[in-house]
Structures are given as C-alpha cells and as structure tokens.
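Let me begin by handing over the structure; questions about it come next.
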Amino acid sequence: MVDQIHMNYIGGESVAPATGTFLDTIDPATEEPLARFARSAGEDVDAAVQAAHRAQRGDWSTVTPADRGRILERLAGLIEKEREQLAMLETLDAGKPLDNSRGDIDGVIETLRYNAGAADKMEGITVPLGRDIVDFTMLEPLGVTAHIVPWNFPLGMAIRSLAPALAAGCTCVLKPAEQSPLSALAFAKLAEQAGIPDGVVNIVTGLGEEAGEALVRHPLVRGITFTGSVETGRRVMSTAAQGIKPVVLELGGKNPMIVLEDADLDRAVDDALEASFDNTGQVCSSSSRYLLAPGIRDDFVERLCAGAASLSIGPGLENHALGPVISSEQYARVRGHIDAGVAAGGRVRQGGGRPPHLDRGYFIEPTVFDRVSADMAIAREEVFGPVGVAVDIGDDDQAVTVANGLGYGLAAGIYTRDVSRALRIAQRLEHGSVWINGWFMGGVQAPTGGMKESGIGRERGLAGVRNYLAVKNVAIRL
Ligand code: NAD
C-alpha cells in the first residue's frame, strides 16, 4: 500500500486522474515522501459524482435498509481483520503514535457497527390531522453526498460521516485530506469486498481548492459534510449556498477547561495532559486554554508542566506519547503561534521548541503557556498543536464570560466537586459539548458538533443518520 502510485476510486475502478498529475504524501516523522496519489480536478470529481448518481438510482436503491445494515456490519468485520495494517498506514501517513492509530481504527469499527444497527430503525411518523386525512412522513436518502475531511483522524473523520450516509441509503464521494489519503484508499477496497455495490463509495484525492471545491459545487451533490477549519467551512458554506445544499460543518475550537478551587486536581491535571497533547494537540476538541481559579492555579500549572515534561515524543512507529505534527506547514504555523505568544508577553513554562534529540521530522515539545491574558492571540486562536495556555479567572461569572468570549463554541469542560454549580455553568456555556469532571467523553452514540462558528449540525448518534435523510410528507384525503 505504501510506496505506490495511488489512483482515484470511482465506480468500483481504480481511475487515473484526468490531469495526469500526482501529489506526494509525506511521512511527518522523516520528512520523506511515502507515496504518490492522484491530483484530481473537476473532470475526476464529475466522473465520481456521476458514478454515485447512477448507483443511487440503480443498485443501491434496491438494497433494503436491513441489508444495508448487514453490509456495514460485514465491512466492520473486514476492518477488524485489517486493523493492524490500517493503523500502520495512519501512523506512516499522519505521524500518529501506533496505539493512537489502533484506537482510531477501533473507533471506525464501532462507528460502522452503530450505523449498521441504525440502518433499519429510522422511522417516519404519522401526523394526526383528523378523521378525513391520513398524513405520514417518509424518510428518504438525500442522494449523492460529499464528504470532505481533514488529516487529524484520516479514516475516523471519513467514516464518521460515510457510515451514517450509507446507513441512510445515500451514495458518497469522499475527498480525503491531501496530507493523509492512504487509509481512505485502503478502505475503498474493503468496502468493495463487503459487498457495497460499485459507485456507492467513490474516492477522489487532491487539493481542497481543486477537488474539494469542485465537489461542493457539483449540481448532482445533494448534501455536504465538511470537517475542517472555520475559514474553509465558511467558504464551503458559501459555495453550497449557490446550489441551496444542506451542509454539516464540523469546524475548529479553542476549548476552555474551567478548573474551580474545589476540583479533584489529580483528575483535572491527568485529563489536561490527555486533552491537550493527545494526537499532538491536533484534535478539534482538545483543551487548549485552562481557565483557572486562584486557589488552584499555581498547583495546577506546576503539575501540568511536570506531566508534560515527562511525556515522550518521537516517531509514531516507536509509539511515544506524542508524534510529530502533520506537515512542514503545520509545524511552521504552530511555531508561529508560540513565537507570537512569547512576543505578546506570554510566558512559556514548559516546552516551546523542537525536542533536542530529534533533528528530523515535524516535532514540537508539549508546551504550556502561563500568565496569559484572555485577550492575547495565543488565548484566542486555535493553534491545533501541542500548546495549552493558562488564563486566570475570578468567579464563575468571569469563567463563563471568558469561555464564551470567542467565536468558537465546540467543547468545554468544568472541574468541580459541586455538581449543581457545574450544571449552572454548563447551562450558560455556548458550546456543543460540555464535559463535567472528564474530557473527550461521549461515544459513537452521542451527538457531537459545534455552536457559533464551530459548526452547524451534529454527527454521531441517530442525529448523524438524520443528516442524510430528507423528510417527505404524504397526505391522503379519505
Ligand atoms: P482545512 O479546512 O484546511 O481542510 C480540511 C479539508 O478541506 C481538506 O480535505 C482540504 O483539502 C479541504 N478543502 C480545503 N479548501 C477547500 C475548499 N475551498 N473547498 C472544499 N474543500 C476544501 O482544515 P485542516 O487544516 O485540514 O484541519 C484542521 C481543522 O479541522 C482544525 O480547525 C480542526 O479544529 C478542524 N477539525 C474539526 C473537527 C470537528 O469535528 N469539529 C474534527 C477534526 C478537525
């Protein structure tokens, strides 16, 4: 799989890009090219959407919801068998520590199983309009759906939306991120083996402004799920608006972890280490700003820094706590945020640079900023790297004001032993997920998504399947 030239996957076939050009995917741990993949543009996207459109009208429409569920279940089983190979691909392509990649593939399997079970359980309703009219709703697949995903959980993000779309009876065109296309292409082969008819799942690789943009614009695409940055999400939404297409947008965050003076500090610090540095901080819902009550602030920062200093960092294949960030661009971006934070007067208490023992690869130490004021850029902008900032808060009102003070509204956490107080704060937070005394909670069953500029719509749970169903109302006069 690695060290090859990869084509698009369209209508069940491996198809060369019409442009005749290819891009390199780079191993972030070595900075060396790993493989080549198709650089697709409008013509390739059109072929993929047309294949999906034919499959939507043809083979896929005759498969019952229960059989769609069986196929997804079979696919989950095939992925389980290939778990180690797929995890290895994610590690090579995205730099993830191997255990993280294994966890990601387990998440993919769980997502497929959940949606397999949901396929035949999405029911319409009857509407009471009186004796003379029978009124009911039919839930119908949207049609061809576009799925555009980032590189931080390459297969995980793809399957989070593909699985419910397939469960709902839609056909799909996936554009993986240009930094990490390999696992999606491996997945296509397994989908075929599981019995998904040709054209139901199509994969076009390439750049966002070429392949991604053409996909969003295509007139036969009936729904778009986009996961990525706020900036690109805004652009996707504006293009989708031209065709009046529904969008699900899962965007960025700058997620506050509020730690009050009566918190279980051991738990808060352990969670902060995982929540800030897991996947090298490249998680939309990572905790990237700690809003600390005066009574615990010094203790929290000290323990967090000691914990961060003890985390190992190195190539994903060696399975350290942290791997490299994804690319040279991301490396430069994260370093730029750190430098700007220092220039603005923020104090780096831990990390802040390249680990001295690693002279190749996009490695950045787990970094903690202290004495940051809430209005500094480092406390307001998503870094998407292993960087957390400590901000002082006074009372609960101030915690809520600072937590809600940004355009982002993805996830927030509250640490306190007083559950009533936590719930009072939770009610006031403008975030799609609020976690109390824990982080990264909620499984494939629980809806996830952002408020404000962090997104529109919800993925996971049955809400995830509803994204791909159109409600048709039928009324019969008796
Ligand atoms: P990005 O927005 O640069 O790219 C994401 C995807 O969009 C890529 O596949 C890219 O090729 C494509 N794209 C770029 N320009 C496009 C265009 N004009 N039209 C269509 N597609 C286009 O984001 P990124 O840097 O790859 O990912 C990091 C961001 O993703 C962070 O902001 C992170 O918070 C966010 N994210 C959010 C979630 C969530 O669930 N809310 C999950 C993971 C990542």
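Quick note: residue numbers are just sequence positions, from 1. These numbers come from a predicted model, not from an experiment. Worth knowing before you read on, the calculation uses all heavy atoms, side chains too, and leaves out hydrogens, waters and symmetry mates. Counting convention: from 1, in listed order, for ligands and their atoms alike.
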Mind checking what makes ring-ring contact (aromatic ring centres under 6.0 Å, His included) contact with F300, not counting sequence neighbours?
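In terms of ring-ring contact (aromatic ring centres under 6.0 Å, His included), with neighbours along the sequence ignored, F300 is linked to Y290.
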Near-ring test W439/F277, centroid separation under 6.0 angstrom
no
How would you list, by chain and number, every residue that makes a side-chain hydrogen bond (donor to acceptor under 3.5 Å, both in side chains) with Y468, sequence neighbours excluded?
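For Y468 the side-chain hydrogen bond (donor to acceptor under 3.5 Å, both in side chains) partners, ignoring immediate neighbours, are T225.
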Flag if over 12 foreign heavy atoms under 6.0 Å of CD, E318:
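Count over threshold, so yes.
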What orientation do Y331 and Y362 show, parallel under 30°, tilted 30 to 60°, or perpendicular over 60°?
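Aromatic pair Y331/Y362 classed tilted.
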side-chain contact (heavy atoms from CB on, under 4.5 Å) against L317, all qualifying residues, sequence neighbours excluded:
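Partners of L317 under the side-chain contact (heavy atoms from CB on, under 4.5 Å) test: M88, T91, L92.
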Contact residues of ligand 1, where a non-hydrogen atom lies under 4.0 Å away:
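If the criterion is a heavy atom under 4.0 Å, then ligand 1 touches I148, V149, P150, W151, N152, M157, R160, K175, P176, A177, E178, G208, G212, E213, F226, T227, G228, S229, T232, R235, V236, E250, L251, G252, C284, E382, F384, L410.
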